[in-house]
There are 2 protein chains.
Amino acid sequence: MSEDFDAAKGSAAEMSIELHSAARLLRRNFDRRAKAHGLSRSRWQVLWHLSREEGQKQAELAERMDVAPISLTRQLDNLQREGLVERRPDPEDRRCFRIYLTEAAQPALELLRGLAQQTRAQALAGFSAAEVRQLHGLLARLRENLTREEV
Amino acid sequence: MSEDFDAAKGSAAEMSIELHSAARLLRRNFDRRAKAHGLSRSRWQVLWHLSREEGQKQAELAERMDVAPISLTRQLDNLQREGLVERRPDPEDRRCFRIYLTEAAQPALELLRGLAQQTRAQALAGFSAAEVRQLHGLLARLRENLTREEV
DNA sequence: CGACATTTATAAGCATGCTTATAATAAGCG
DNA sequence: CGCTTATTATAAGCATGCTTATAAATGTCG
């Protein structure tokens with residue numbers, strides 16, 4: 001374990017940079033495709049998360065998106081102004097809203113799912129299904145490690 | 001190949017989100033550690049890339065960092081103001097500057113290398129050396145795919 | 001040489017995310 | 001009940017990165 005650790009020790013910086021580079025390139029690629037349609041990756045992520053479960057509170061949704069609640073607020077402001085989402089008051093807690101998709105969001109979601117598919121196809125070109133699963137699993141564990149609060 | 005592709009098709013969105021989440025968590029984790037010292041991850045990345053090769057032109061450095069040249073400009077402005085880097089005029093091309101680290105950058109680099117090591121240790125806790133290499137390799141291939149211009 | 005294109009760095013303005021601070025409501029507890 | 005604390009959403013302001021536009025220097029080619 002300590003041996004393994006030392007073995008890869010030199011790549012502390014590389015790993016961080018590699019991951020960030022990959023994320024940045026992914027975002028750029030997707031945004032380039034989405035720009036023509038006026039929707040960005042960040043806003044699409046909100047819709048996508050909502051499509052998995054509507055009616056969440058903003059705080060819950062932010063938690064699942066690994067984003068600060070305030071960051072979500074502005075995205076929702078914009079999406080609501082464009083009629084893609086609704087904020088409905090919670091009947092039991094007057095502090096919070098429940099977030100729902102509107103009908104208008106469905107075509108946008110469909111479109112953006114297609115763009116995501118294209119970006120993914122390019123990003124993972126030449127990857128076997130096993131390798132995709134591997135990457136997915138490794139990233140999930142990495143996230144898990146970083147989500148835990150302990151320093 | 002088409003079979004492999006279909007096999008993982010459902011995770012087009014998940015993969016993108018997984019990767020971005022991981023990158024964001026990594027940045028947050030590092031920044032939390034670095035905040036006390038007044039240096040952020042982005043600025044440290046500039047120093048780190050420079051430490052591998054000084055005297056690059058801004059355009060070259062930006063290219064290697066997968067960042068737009070203009071994004072680097074502001075980082076260099078700040079780092080220069082704090083005396084961590086120098087812009088020296090290129091004797092053969094009056095358009096460009098060559099970027100160098102100053103003496104003052106060394107302790108900062110040393111410190112930040114340590115912080116990166118801590119973040120990495122937490123992020124990769126429980127990973128074997130083989131898994132770290134795997135992740136590294138997969139990310140490198142992903143970046144390679146996205147760097148190619150073809151749509 | 002001289003007009004046009006390319007490259008290098010920068011400026012302006014936008015999008016996104018964060019920290020810190022506020023207001024309203026809810027919950028806990030004497 | 002009344003006071004204190006926690007939670008929910010938001011506001012203000014900063015950091016970072018991008019697209020598009022500009023200025024200066026260089027390269028290209030008639």
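Residue numbers start from 1 in every chain, and the chains themselves are labelled A, B, ... in the order their sequence lines are given, proteins ahead of strands.
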query = Quick one: is B/Q58 getting a side-chain N or O under 4.0 Å of the C/dT7 phosphate, OP1 or OP2?
reply = no
Between B/R98 and B/D90 (salt bridge meaning N to carboxylate O under 4.0 Å), is one present in this structure? yes
| Closer than 4.0 Å, any side-chain N/O of B/R94 to the OP1 or OP2 of D/dA24? | no
Nearest-nucleotide check on DNA chain C, B/K35 vs A/R74; residue mapping nearer the 5' end is A/R74
>> Under 4.0 Å, counting only non-hydrogen atoms across every strand here, what does A/D31 touch: a base, just sugar-phosphate, or nothing?
In response: nothing
- Item | D/dT16 OP1/OP2 closer than 4.0 Å to side-chain N/O of B/Q45 | no
Ranking C/dT10, C/dT8, C/dC18 by distance to the side chain of B/C96, first place goes to C/dT8
- Can you check whether B/S42 has a side-chain N or O nearer than 4.0 Å to OP1 or OP2 of D/dT16? yes
Closest to the side chain of B/A68, out of D/dC18, D/dT8, C/dC18, is D/dC18
Note: for A/R95 and B/I70 on DNA chain D, the residue whose nearest nucleotide lies more 5' is A/R95
Problem set entry | SB check B/D66 B/R143 (cutoff 4.0 Å) | yes
Q: Please determine if B/E82 and B/R43 form a salt bridge, counting it only when a charged side-chain N lies under 4.0 Å from a carboxylate O.
A: yes
Discussion item. Between B/S71 and D/dT16, is there a contact of a side-chain N or O with OP1 or OP2 at under 4.0 Å?
Written reply: no
Taken to the nearest 0.5 Å, the spacing of B/L138 CG from A/H136 NE2 works out to 13.0 Å
